[in-house]
Chemist: 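Quick one: structure below, then a few questions.
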There are 2 protein chains.
Amino acid sequence: MENIKIQKYEDLLLKNGLKRTGARLQVLDVLSNRNSATSQPYLENIIGKAIDRVTLYRILKTFEEKGIIHRILDNQGTANYAICSNSCTAHNHHDEHVHFNCNNCLKVYCLAETKIPPLKMPAGFEVYSMNLIVSGICKDCKQHTN
Amino acid sequence: MENIKIQKYEDLLLKNGLKRTGARLQVLDVLSNRNSATSQPYLENIIGKAIDRVTLYRILKTFEEKGIIHRILDNQGTANYAICSNSCTAHNHHDEHVHFNCNNCLKVYCLAETKIPPLKMPAGFEVYSMNLIVSGICKDCKQHTN
DNA sequence: TTCGTAACACAACATTGTTGCAATTAATAA
DNA sequence: TTATTAATTGCAACAATGTTGTGTTACGAA
Ligand SMILES: [Mn+2]
Ligand SMILES: [Mn+2]
Ligand SMILES: [Zn+2]
Ligand SMILES: [Zn+2]
């Protein structure tokens, strides 16, 4: 882990009133260095030897509550996690972007620029939030299968 | 179970090349008589004494593959099942309607009339299907908490 | 009626996530 | 620096959901 990055992670933890621990830094580092969301099984695979499974779950829950990361359930119901935009706070997530779930590599991508279009709902339903998951084949998989 | 309904279920099974069994009729009956999607835990609760748990899972999987029912994962990752529109077939589901997940009663509603609006995706992603889940408070819960 | 296959039940297992509690450690004050 | 304390962690035990394998049962066609 590079010093510049560690500094960034420490700031993030400090800002949210969380203690600086090795486990938390590791989780932030893994999530930060990937170009797609990270699944819970993947996380457990790569840092599950160093960090207790339960601790990992608790870190993820804490981060989500603080608005540091957001959770995306893919089409198999697997939990995937991605760093939030820095405008997210404990009680206000701003991640209402579309997510893409590749049927081939199973990765989940945050399409940060693609917002969920407005919708007219039937009467009587009060809308709080929306989750749109698009399925198909991702850029990478399309190239590799050509 | 009324005879008229049983007849309908039998036709559905026959049409899809599935044997008429008590377990399958029961599942179809439960799913048909509810105004919202039915969760796996609920199904297991009410028919889990009569039907083996594994059998229930296999029936649900078969029905989904045949296009008899579709599965909706709610915000907790719980599987919910609803009867398909009768235009659905084994290889072509036509259930691209919006689903509503109530934060209070946790029910999942099929909003059959509400279609997912078109979306312009970033280049490189090939879209096969879309899933939009709207969260909030449902009609019933709003009334009962007034 | 017989026969082959589809459907079933039961046991065993895997994965994902939770809870309680004791031990450790990071942040702060003395 | 050392002491204090609340937050964090690790471990054990458990619950829920879903899968796989295998032997048995029962439909439906011949
Ligand atoms: Mn995202
Ligand atoms: Mn539906
Ligand atoms: Zn892919
Ligand atoms: Zn409700």
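Each chain gets a letter, A, B and so on, in the order its sequence line appears, and its residues count up from 1. Quantities reported herein were computed from a predicted structural model and do not represent experimental measurements. Computed over heavy atoms, backbone and side chain alike; hydrogens, waters and symmetry mates excluded.
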Chemist: Side-chain donor-acceptor pair under 3.5 Å between B:Lys142 and B:Asn104, yes or no?
Modeler: no
Chemist: Got a sec, which hydrophobics cluster with A:Leu106, joining ILVMFWY side chains under 4.5 Å apart, including via others?
Modeler: none
Chemist: Using whole Å, what does the distance between atom P of nucleotide C:dG17 and atom CD of A:Gln76 come to?
Modeler: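 For the pair A:Gln76 CD and C:dG17 P, the rounded distance is 13 Å.
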Chemist: Quickly work out the B:Arg24 CZ to C:dA6 C1' distance and round it to whole Å.
Modeler: 8 Å
Chemist: For nucleotides 9-12 of chain C, print each protein N/O atom paired with a nucleotide N/O atom at under 3.5 Å, atom names and distance only.
Modeler:
| from | atom 1 | to | atom 2 | distance (Å) |
| --- | --- | --- | --- | --- |
| C:dA9 | OP2 | B:Asp52 | N | 3.3 |
| C:dA9 | OP2 | B:Thr55 | OG1 | 2.5 |
| C:dA9 | N6 | B:Arg58 | NH2 | 2.8 |

Chemist: Under 3.5 Å, side chain of A:Lys49 to main-chain N/O of A:Asn45, donor-acceptor pair present?
Modeler: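 Yes, the answer is positive, given that a donor and an acceptor are paired below the 3.5 Å cut-off.
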Chemist: Verify the distance criterion only: is there a donor paired with an acceptor across the side chains of A:Lys5 and A:Asn33 at less than 3.5 Å?
Modeler: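 Distance-only check passes for A:Lys5 and A:Asn33.
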Chemist: B:Asp11 and B:Gln7: side-chain donor and acceptor closer than 3.5 Å?
Modeler: yes
Chemist: Using the salt bridge (Lys or Arg N to Asp or Glu O under 4.0 Å) criterion, which residues pair with B:Arg34? Sequence neighbours excluded.
Modeler: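 Scan of B:Arg34 (salt bridge (Lys or Arg N to Asp or Glu O under 4.0 Å), adjacent residues dropped) gives none.
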Chemist: Name all residues meeting the salt bridge (Lys or Arg N to Asp or Glu O under 4.0 Å) criterion together with A:Lys15; count only those two or more places apart in sequence or in a different chain, and write none if there are none.
Modeler: none
Chemist: Atom CG of A:Asp74 to atom C1' of C:dT16: distance rounded to whole Å?
Modeler: 13 Å
Chemist: For the helix from C:dT1-D:dA30 to C:dA30-D:dT1, figure out the bend between the end axes, five pairs an end, and round to 10 degrees.
Modeler: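 Here the local axes at opposite ends form an angle of 30°.
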Chemist: With sequence neighbours excluded, tell me which residues meet salt bridge (Lys or Arg N to Asp or Glu O under 4.0 Å) with A:Arg58.
Modeler: none
Chemist: Excluding sequence neighbours, so at least two apart, what forms ring pair (Phe, Tyr, Trp, His ring centres under 6.0 Å) with A:Phe100?
Modeler: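 Per chain and number, A:Phe100 pairs via ring pair (Phe, Tyr, Trp, His ring centres under 6.0 Å) with B:Phe125.
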Chemist: Report yes if the side chains of B:Leu111 and A:Met121 come closer than 4.5 Å at any heavy-atom pair, otherwise no.
Modeler: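 Yes, at least one pair of side-chain atoms sits under 4.5 Å.
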Chemist: Mind checking which nucleotides bracket the chain A contacts on DNA chain D, 5' to 3', with an atom under 4.0 Å from a heavy atom?
Modeler: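 First and last nucleotides in contact are D:dA6 to D:dA12.
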Chemist: Below 4.0 angstrom, which residues in residues 5-19 of chain B have at least one non-hydrogen atom near DNA chain D?
Modeler: B:Lys19
Chemist: If only side-chain N and O atoms count, and only distance matters, is there a donor-acceptor pair under 3.5 Å linking A:Asn75 with A:Ser135?
Modeler: yes
Chemist: Measure the distance from CG on B:Leu25 to P on C:dA7 and round it to the nearest whole Å.
Modeler: 13 Å
Chemist: Do B:Asp29 side-chain atoms and B:Leu25 backbone N/O form a donor-acceptor pair below 3.5 Å?
Modeler: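 No: the side chain of B:Asp29 does not pair with the backbone of B:Leu25.
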Chemist: Can you list, in residue-number order, the parts of residues 36-45 of chain A that come under 4.0 Å of DNA chain C, counting heavy atoms only?
Modeler: A:Gln40, A:Pro41
Chemist: Any ring-ring contact (aromatic ring centres under 6.0 Å, His included) pairs touching residues 20-69 of chain A, not counting sequence neighbours?
Modeler: none
Chemist: Suppose we screen for side chain to side chain contact (heavy atoms under 4.5 Å, CB included). Which residues come up paired with A:Thr78, at least two apart in sequence or across chains?
Modeler: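 In terms of side chain to side chain contact (heavy atoms under 4.5 Å, CB included), with neighbours along the sequence ignored, A:Thr78 is linked to A:Ser39, A:Pro41, A:Asp74, A:Gln76, A:Asn80.
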Chemist: Do A:Ser129 and A:Glu96 touch side chain to side chain, with heavy atoms closer than 4.5 Å?
Modeler: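 A:Ser129 reaches A:Glu96 side chain to side chain.
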Chemist: Nearest-nucleotide wise, let me know which of B:Arg20 and B:Gly77 is further upstream toward the 5' end of DNA chain D.
Modeler: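 First, find each residue's nearest nucleotide; the 5'-ward one identifies B:Gly77.
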